[in-house]
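One structure below.
Protein chains get the first letters and strands the later ones, always in sequence-line order, with residue 1 at the start of each.
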Number of protein chains: 2
Amino acid sequence: MTTYHHGNLRAALLRAGMKVIEKKGIRRLSVREAARRARVSHNAPYRHFPDRQSLLAGIAAEGFARLGEALKTSSGKAMGEAYVRFALEHPEVFRLMFGGTIRMGDHPPLREAADRAYQSLVDRFRAHGSEAEANVAAAAAWSLVHGLSHLLLDGHFQAPQRDAGGAAPFARQVLEAVRYSIGAQRSA
Amino acid sequence: MTTYHHGNLRAALLRAGMKVIEKKGIRRLSVREAARRARVSHNAPYRHFPDRQSLLAGIAAEGFARLGEALKTSSGKAMGEAYVRFALEHPEVFRLMFGGTIRMGDHPPLREAADRAYQSLVDRFRAHGSEAEANVAAAAAWSLVHGLSHLLLDGHFQAPQRDAGGAAPFARQVLEAVRYSIGAQRSA
DNA sequence: ACCTGAACACCGTTCAAGT
DNA sequence: ACCTGAACACCGTTCAAGT
């Protein structure tokens, strides 16, 4: 029974941090709070993360890994809905990943995690046309599902849409509408 | 020469706050910093805003007003690009408006400001089909430009795209691609 | 190496008091 | 009404020290 914490304080801090963020929001996760939950001094986290931003970056990277999984395990047509579902089910982590709290430039492993998740999406477009066309198509698809996720989370769609029965069905409508549009173009 | 500040401390705080946010980011705007810039005690702002969130909400509302202006004064086809341009030119204010820092539900004037801005966008779709169809089309368009703005700000598009010559031309490509798609559907 | 306690310069917010 | 200074309970981060 060592006087130290345990084998993997880093992992414990990430787990604790993720939990706080999901339950109380990003602003409420302090380094000191993560330390408390991991039962170490307010100071121990600095052995594993140089600053609060890096702790947040670690949690965001874990978020990208989970998003990538969700995308990979969804069949082609359902990928857009899987993306939106991830955002709606993990709103605070999604905001951490994309809310500008952390700058990817400062955290290379975060950028790599994000790129891997995006690859799951781009790969589905490789079949269509030139590389440049695939890039544009993937960017458009990502933009659509990403913007839709954000706007739904922020509550920007009003009564007429919500009355239709909640966020998810509305999201499906929007995605279907655009899917048909793109299909029309392709076959033309 | 009164011992008080001046006629409109509220406006002065909003102006100072906007400036700090644009220059240093949201995290760096404290109530105390806004007070300092307006040359009042750290406590005076609480006469005009119940808490920090409300100060931020006031600044965000001003941001929505400006975005609405930018959209209204842009001609139909250029509106999407105007939206992206606003985001790229005012990244920190854009993040404040849409980054989840403030919950619109807690600040009715903010929601109203946001709705007015959205109306500038929805109005352009009124001509097309039923009300429900217009709603879905507007939501799709908003999602696209909004997601594209966010992803560009976060730096998620990689070398091949950026090499083409920067964010704005890439944005134009993506928007054009989808515009053609939707045009194809309409005429089919 | 990994952890701790004390210390510093900040916060947001509340309160009692001044004009 | 509008403003001020003191006070409280937090922060992130640094430092000197313990095992």
So, taking the atom named CZ in A:Arg47 and the one named OG in A:Ser41, what distance separates them when rounded to the nearest 0.5 Å?
9.5 Å

To the nearest Å, give me how far apart CD1 (A:Ile26) and C1' (D:dG12) are.
17 Å

Counting side-chain heavy atoms from CB outward, which of D:dT14, C:dT13, D:dT4 is closest to B:Ala44?
D:dT4

Applying side chain to side chain contact (heavy atoms under 4.5 Å, CB included) to A:Lys72 and A:Gln119, what does each step give before you reach the verdict?
CA-CA 10 Å; A:Lys72 238 174 278 174; A:Gln119 273 314 311; over 6 Å; no

Starting at the 5' end of DNA chain C and moving along, which residue's nearest nucleotide shows up first, B:Arg47 or B:Arg36?
B:Arg36

Nearest whole Å is fine: how far is C:dC3 P from A:Arg10 CZ?
14 Å

For D:dT13, does the base pair up with any side-chain atom of A:Asn43 as donor and acceptor (N or O, under 3.5 Å, distance only)?
no

Do A:Glu92 and A:Lys24 make a side-chain contact, defined as non-hydrogen atoms from C-beta onward lying under 4.5 Å apart?
no

Please report the distance, rounded to the nearest Å, between CG in B:Leu13 and C1' in D:dC2.
13 Å

With heavy-atom distances below 4.5 Å as the criterion, would you say the side chains of B:Val31 and B:Tyr46 are in contact?
yes

For the CZ atom of B:Arg116 and the CG atom of B:Leu71, what is their distance to the nearest 0.5 Å?
13.5 Å

Let me know the distance between CG of B:Leu56 and P of C:dC11, rounded to the nearest Å.
14 Å

Rounded to whole Å, the CZ-P distance (B:Arg27 to D:dC11) equals 13 Å

Contact list (N/O, under 3.5 angstrom) for nucleotides 7-9 of chain C vs protein:
none

Determine the stems involving DNA chain D; a stem requires 3 or more consecutive pairs of the Watson-Crick or G-U wobble kind, each with both distances below 3.5 Å, and the answer is none if no such run exists.
C:4-8 with D:12-16, C:12-16 with D:4-8

Mind calculating the distance between CZ (A:Arg28) and C1' (D:dC10) to the nearest angstrom?
12 Å

Which atom pairs, one a donor and one an acceptor, fall under 3.5 Å between side chains of residues 79-90 of chain A and the rest of the protein, sequence neighbours left out?
unit_1, atom_1, unit_2, atom_2, d
A:Glu81, OE1, A:Arg172, NE, 3.3
A:Tyr83, OH, A:Trp142, NE1, 2.8
A:Tyr83, OH, A:His146, ND1, 2.9
A:His90, ND1, A:Glu22, OE2, 3.1

When the nearest nucleotide of DNA chain C is assigned to A:His48 and to B:Tyr46 on a heavy-atom basis, which residue is associated with the more 5' position?
A:His48

May I ask you to say whether B:Arg111 pairs ionically with B:Asp106, meaning some side-chain N is under 4.0 Å from a carboxylate O?
no

Is any side-chain N or O of A:Ser30 closer than 4.0 Å to OP1 or OP2 of D:dC11?
yes

Is B:Glu33 salt-bridged to B:Lys19, cutoff N-O under 4.0 Å?
no

All pairs passing side-chain hydrogen bond (donor to acceptor under 3.5 Å, both in side chains) where residues 50-59 of chain A contributes a residue, at least two apart
A:Asp51-A:Ser54

Are the side chains of A:Arg37 and A:Val20 in contact, using a 4.5 Å heavy-atom criterion?
yes

Touch check for B:Arg52, heavy atoms < 4.0 angstrom, all strands: base, sugar-phosphate only, or nothing?
sugar-phosphate

Applying the side chain to side chain contact (heavy atoms under 4.5 Å, CB included) criterion to B:Ser143, which one of A:Leu151, A:Leu175, A:Val145 satisfies it?
A:Leu151

Which residues in residues 100-108 of chain B have a heavy atom closer than 4.0 Å to any atom of DNA chain D?
none

Quick one: side chains of residues 58-67 of chain A, donor-acceptor pairs under 3.5 Å with protein atoms, not counting sequence neighbours, listed by atom name and distance.
unit_1, atom_1, unit_2, atom_2, d
A:Glu62, OE2, A:Arg66, NE, 2.9

